[in-house]
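Below is one structure; the comments refer to it alone.
The figures that follow rest on heavy atoms only: side chains count, while hydrogens, waters and symmetry mates do not. Reminder, nothing fancy here: chain letters follow the sequence lines and each chain counts from 1.
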2 protein chains.
Amino acid sequence: MPDTRQRLIDGTIETIRQHGIAGTTARSIAAAAGVTQALVFYHFGSVQELVKAACLAVTQDRLPLFEERLARMRSLGDLLALHTDEQARGNLRVLAQMMAGARGNPQLAAATAAALRLWLAPLRATLERLLADRLDAGGLAEALCAALLGLELVDAVDPATATTALTALHRLSTNLPD
Amino acid sequence: MPDTRQRLIDGTIETIRQHGIAGTTARSIAAAAGVTQALVFYHFGSVQELVKAACLAVTQDRLPLFEERLARMRSLGDLLALHTDEQARGNLRVLAQMMAGARGNPQLAAATAAALRLWLAPLRATLERLLADRLDAGGLAEALCAALLGLELVDAVDPATATTALTALHRLSTNLPD
DNA sequence: GTCTATACCAGGATAGAC
DNA sequence: GTCTATCCTGGTATAGAC
């Protein structure tokens with residue numbers, strides 16, 4: 001049985017994934033973690049601090065693997081295949097929900113902005129390598145990130161439309177000028 | 001002084017814009033509308049129903065103008081200029097927040113999905129006209145919508161990054177094969 | 001239709017036993 | 001470190017006067 005701090009972080013991520021940021025409370029987190037609600041406050045002081053810790057964890061846990069796979073990429077198509085794996089894990093959905101909850105919440109905004117930059121740096125480097133000088137790689141990395149985050153929103157209300165849009169991105173990636 | 005139903009709808013939109021869906025409560029809406037909290041329930045029965053009504057309103061109000069401007073478009077650049085106007089009004093931000101709140105909320109999901117389709121249909125028609133058969137216009141309309149919604153999330157946590165990404169989309173629109 | 005007052009409940013947070 | 005029990009606040013919703 002892993003230590004309680006880790007179970008609470010995992011429970012938070014799972015709760016956000018399933019119920020969205022609005023449905024993420026001390027009680028729902030504790031239920032997902034299989035512990036008592038009081039432990040949220042014993043270990044993290046507040047729900048907000050736990051959510052911030054979960055934000056950091058969901059980013060840092062996958063980052064080494066993410067960077068390693070990016071380094072081996074040969075095409076934009078590979079990039080979208082990587083996204084398929086990450087999407088299945090639901091990490092992007094968690095990040096999208098946290099960003100939505102960050103509107104009007106400076107503390108959560110700072111935490112998610114840090115997570116976003118952590119993903120963005122290696123992604124930008126990879127796009128610069130793949131695209132050379134043919135396109136504005138820096139801005140494209142950010143636009144691509146935004147598009148994939150937006151897809152998580154669309155998926156929440158209309159999964160079929162999200163699938164169609166993702167397919168279009170795949171096709172577009174093979175049609176960019178080179 | 002406009003009628004109370006309308007003031008409540010306007011107050012809801014304004015509240016979501018400023019405080020996000022998580023900060024949108026019967027009390028905050030009533031404060032924005034300048035009326036008493038009890039009137040939310042008298043006129044709409046529940047906060048949820050009011051939010052759904054606001055979702056419909058924020059979509060339908062701008063739709064005629066939106067469609068008219070789309071019909072006159074000559075290039076993808078015109079499209080992003082139109083987006084600049086809509087973004088300034090904050091309607092897209094409201095829709096993004098509603099979609100985020102719709103995760104795990106079937107009723108709100110249905111309402112926002114309907115709004116999304118209302119925007120999407122004329123946008124798809126315009127892209128089909130502009131792109132002819134050069135690209136998959138249907139899927140691109142959906143991908144573009146997702147990207148712009150995602151930008152609203154990024155903007156909440158890191159406005160500078162959102163601006164960079166939008167600039168990249170502008171540049172990309174002039175680099176698509178034709 | 002609009003207000004004040006209030007019932008009710010869920011969520012955040014703390015106290016204290018173990 | 002973990003539990004049960006509890007407090008308090010703020011959010012939803014209703015009752016009843018005007």
Side-chain angles (χ1 to χ4, degrees), chain A residues 1-55 57 94 97-98 100-109 111, chain B residues 1-55 57 94 97-98 100-109 111:
Chain A
M1 186 190 289
D3 74 296
T4 302
R5 280 184 63 94
Q6 190 58 47
R7 293 181 65 178
L8 282 169
I9 286 176
D10 293 344
T12 304
I13 294 168
E14 190 53 30
T15 304
I16 294 178
R17 208 172 348 235
Q18 284 182 22
H19 306 294
I21 190 73
T24 298
T25 69
R27 294 182 216 264
S28 64
I29 291 169
V35 297
T36 311
Q37 169 250 8
L39 290 186
V40 168
F41 303 96
Y42 176 79
H43 285 286
F44 294 92
S46 71
V47 174
Q48 161 127 266
E49 286 303 314
L50 173 50
V51 170
K52 282 165 61 183
C55 180
V94 172
Q97 283 290 321
M98 283 178 174
R103 173 78 62 188
N105 183 334
Q107 281 208 43
L108 194 51
Chain B
M1 185 190 290
D3 74 297
T4 302
R5 280 184 64 94
Q6 190 59 48
R7 294 181 64 178
L8 282 170
I9 287 176
D10 294 343
T12 304
I13 295 168
E14 190 54 30
T15 304
I16 294 177
R17 199 160 10 222
Q18 284 183 22
H19 308 293
I21 190 74
T24 298
T25 69
R27 292 185 218 261
S28 63
I29 291 169
V35 297
T36 311
Q37 169 250 9
L39 290 186
V40 167
F41 303 96
Y42 175 79
H43 286 286
F44 293 92
S46 70
V47 174
Q48 161 126 261
E49 285 303 314
L50 173 50
V51 170
K52 282 166 60 183
C55 179
V94 172
Q97 283 291 321
M98 284 178 173
R103 172 79 61 188
N105 183 335
Q107 280 208 43
L108 194 50

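In this structure, B:F44 atom CZ and C:dG1 atom P are separated by 12 Å, rounded to whole Å. Atom-to-atom, CD1 of A:I21 to C1' of C:dG11 comes out at 14 Å; the value is rounded to the nearest Å. To the nearest angstrom, P of C:dG11 lies 11 Å from CD1 of A:I29. Nucleotide C:dT2 holds its P atom 11 Å from the CZ atom of B:R5, rounded to whole Å.
Only at 4.0 angstrom or more do the heavy atoms of residues 100-109 of chain B sit from any atom of DNA chain D, so none qualifies.
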N/O donor-acceptor pairs under 3.5 Å from side chains in residues 30-38 of chain A, not counting sequence neighbours:
none

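To the nearest 0.5 angstrom, A:L50 atom CG is 4.5 Å from A:I29 atom CD1.
In this model, the phosphate group of D:dC3 is approached by a side-chain N or O of A:T36 to a distance below 4.0 Å at OP1 or OP2.
B:H19 meets the side-chain contact (heavy atoms from CB on, under 4.5 Å) test with B:T15; sequence neighbours excluded. Under the side-chain contact (heavy atoms from CB on, under 4.5 Å) criterion, B:D10 pairs with B:Q6, not counting sequence neighbours. In this structure B:A22 satisfies the side-chain contact (heavy atoms from CB on, under 4.5 Å) test with no other residue, sequence neighbours excluded.
Among pairs with a residue in residues 46-55 of chain B, those fulfilling salt bridge (Lys or Arg N to Asp or Glu O under 4.0 Å) read B:E49-B:K52, at least two apart in sequence or across chains. Residues in residues 35-44 of chain A take part in no salt bridge (Lys or Arg N to Asp or Glu O under 4.0 Å) pair, two or more places apart or across chains. Residue pairs that meet the salt bridge (Lys or Arg N to Asp or Glu O under 4.0 Å) test with at least one member in residues 26-43 of chain A, sequence neighbours left out, do not exist here.
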> Once each nucleotide of nucleotides 11-18 of chain D is scored for protein heavy atoms under 4.0 Å, what B/S/- sequence comes out, 5' to 3'?
Replying inline: BBBB----
